2 protein chains.
Amino acid sequence: MTDVTTPQPTPESPIPTRERLLRAAAGLFRNKGYSGTGLAELLAAAEAPKGSLYHHFPNGKSDLALAAADWASEQMLVLIDASFTPAPTFQEGAKTVCYKLAKLFDKQGKWSGCPVSATLFEGPENEAFHQHAAKLFEGWITETAAHARRLGLPEAEARAAAENFYILLQGGWQLARVRRDSDVIRGLHLQMHTPASAPMQVQKNN
Amino acid sequence: MTDVTTPQPTPESPIPTRERLLRAAAGLFRNKGYSGTGLAELLAAAEAPKGSLYHHFPNGKSDLALAAADWASEQMLVLIDASFTPAPTFQEGAKTVCYKLAKLFDKQGKWSGCPVSATLFEGPENEAFHQHAAKLFEGWITETAAHARRLGLPEAEARAAAENFYILLQGGWQLARVRRDSDVIRGLHLQMHTPASAPMQVQKNN
DNA sequence: GGTGGAATAGACCAATCGGTCTAGGAGGGT
DNA sequence: ACCCTCCTAGACCGATTGGTCTATTCCACC
């Protein structure tokens, strides 16, 4: 979830080809979709020749897409953990996730979509792609639910809260993208379903 | 938002070519994305020759995409109006929208994405595409906000409630798609942000 | 019945697609 | 020095892409 767009081959840390490919793929797929990204463009962005691609990912574009989705998903999990672990409450953790994501969006001027969905939703109508996406998404929810439980939410509510948070995040992500306004994401936590909290008042930024 | 996938040239109502193209485009783009859909496949689905496409949409695929997004958006607006107009409260209207959408998904076995975002988010990085998508999305929100106002929500809350509903809908749509489970959408209204309502308890389907 | 525009039909095109394949370079092990 | 393996490099391929163009059909109108 860090800077994805630029491979930036820093002299002291020459990013290995395989990871350059992953980063370029994740970045491009997020912006232009799986089928919207050509191999030529991808290889140019990764500064890698075609031979390297098919060496590291024998099945070519589809292999790369799955791996790139994994990579991006992992970044998201790291962000989730980093946000919830030090949080005093689930609400606070969720808020931190929103703010971190919003900040990321601001930093990298591009308004990319969710990497996993962008990569895997279309692509070939391949069932493997769909199941892969499903697995990654459920991973986010499961991880979030674990934090919810740890932070004191009862078993039943924990999973529901995680799902709800995920839904808000995806929807907000999309609206933020279409408006190019990261404040949409920052405001999400105010909308969160809080089963046993005080009645909240609407305080959006517009 | 009705049956999109099958052009079905019923003998008594021979759907005009232009609309066959729109339906086929909306249906295919939802499933495979803009760049994931080839003209050949599209024309086959619409049972129209290439000449007709470029007659009705001089700029070809991109023109068709914009028009198809308009068409799909209009269907959505109809569904929104049909749901909110007879509703006694905003909550009830929103619930109806969810249920109608879920039913549609069940009926047409395919788990397509949101037509507007699928069509317009990728596609060419074209700025026109982005602005078109933004306009359509805001249209949904504005329409929903109008119903909210009509149903008694104070001005400030009306727009926020509409936005929140839209965010939930988009997020839920995506989760439902990845799980192939329309109940996700049916359960959305329970998650709705209800500024001044009684505390709600979590009642998800799993 | 003829005429003109709207619409249909599909052959055709350059460009690009994803993918294959061979050749060469880099570097450690012996 | 030699080899062997990992990786890079890009020429090359058939298939498919979106788009153009000409010919033909259809039908309302005079």
Side-chain angles (χ1 to χ4, degrees), chain A residues 7 9 11 13-29 31-69 118-120 122-126 128-129 132, chain B residues 7 9 11 13-29 31-69 118-120 122-126 128-129 132:
Chain A
S13 74
I15 304 177
T17 305
R18 194 189 135 92
E19 189 171 336
R20 282 208 316 276
L21 285 167
L22 284 179
R23 295 193 187 201
L28 284 171
F29 289 163
N31 282 316
K32 331 191 22 169
Y34 175 81
S35 29
T37 306
L39 280 198
E41 179 182 17
L42 205 161
L43 294 172
E47 298 183 83
K50 199 169 274 192
S52 298
L53 200 177
Y54 283 88
H55 171 75
H56 293 289
F57 306 94
N59 286 337
K61 199 184 183 186
S62 54
D63 265 13
L64 176 56
L66 294 180
T119 304
L120 300 175
E122 31 83 53
E125 305 200 322
N126 202 335
F129 268 49
H132 200 85
Chain B
S13 74
I15 304 178
T17 304
R18 195 188 133 92
E19 188 170 337
R20 282 209 314 278
L21 285 167
L22 285 178
R23 295 193 186 202
L28 285 171
F29 289 162
N31 282 316
K32 330 192 21 171
Y34 175 80
S35 30
T37 306
L39 280 197
E41 179 182 17
L42 204 161
L43 294 171
E47 298 183 83
K50 200 170 274 193
S52 298
L53 199 177
Y54 283 88
H55 171 74
H56 293 289
F57 306 95
N59 285 337
K61 200 185 183 186
S62 53
D63 265 14
L64 176 58
L66 295 180
T119 304
L120 301 176
E122 31 83 54
E125 305 199 322
N126 202 334
F129 269 48
H132 200 85

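Please read these numbers as outputs of a predicted model, since none were measured by experiment. Every chain is numbered from 1 and lettered A, B, ... according to where its sequence line falls, protein lines coming before strand lines.
With sequence neighbours excluded, the residues forming a side-chain contact (heavy atoms from CB on, under 4.5 Å) with A/Ala65 are A/Phe29, A/Tyr34, A/Thr119, A/Phe129, listed by chain and number. Among residues two or more places apart in sequence or in another chain, the side-chain contact (heavy atoms from CB on, under 4.5 Å) test is passed with B/Glu19 by B/Ile15, B/Pro16, B/Arg23, B/Trp71. In this view, B/His56 satisfies the side chain to side chain donor-acceptor pair (under 3.5 Å) rule with no residue, not counting sequence neighbours. A search for side-chain contact (heavy atoms from CB on, under 4.5 Å) contacts involving B/Phe57 returns B/Arg18, B/Leu21, B/Leu22, B/Leu53, B/Asp63, B/Leu64, B/Ala67, not counting sequence neighbours.
Rounded to whole angstrom, the span from the CG atom of B/Leu42 across to the P atom of C/dG10 amounts to 16 Å. For A/Leu43 and C/dG18, the CG to P distance is 9 Å, given to the nearest whole Å. Nucleotide C/dG18 holds its C1' atom 15 Å from the CG atom of A/Asn126, rounded to whole Å.
When all heavy atoms are compared, the tightest approach of B/Thr37 to B/Lys61 is O-NZ, 2.9 Å. Between B/Gly36 and A/Ser35, the closest heavy-atom pair is CA-OG, 3.3 Å.
To the nearest 0.5 Å, the span separating CG on B/Leu42 from CZ on B/Arg20 amounts to 12.0 Å. With rounding to the nearest 0.5 angstrom, the NE2 atom of A/His132 is 11.0 Å from the CG atom of A/Asn126.
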Summarise protein proximity over nucleotides 17-29 of chain D in one line of letters, 5' to 3': B for base, S for sugar-phosphate only, - for none, counting protein heavy atoms closer than 4.0 Å. SBBB---------

Please list each protein N or O that sits under 3.5 Å from an N or O in nucleotides 4-7 of chain D, with the distance.
{"residue": "D/dC7", "atom": "OP2", "partner": "A/His55", "partner atom": "NE2", "Å": "2.8"}
{"residue": "D/dC7", "atom": "O5'", "partner": "A/His55", "partner atom": "NE2", "Å": "3.3"}

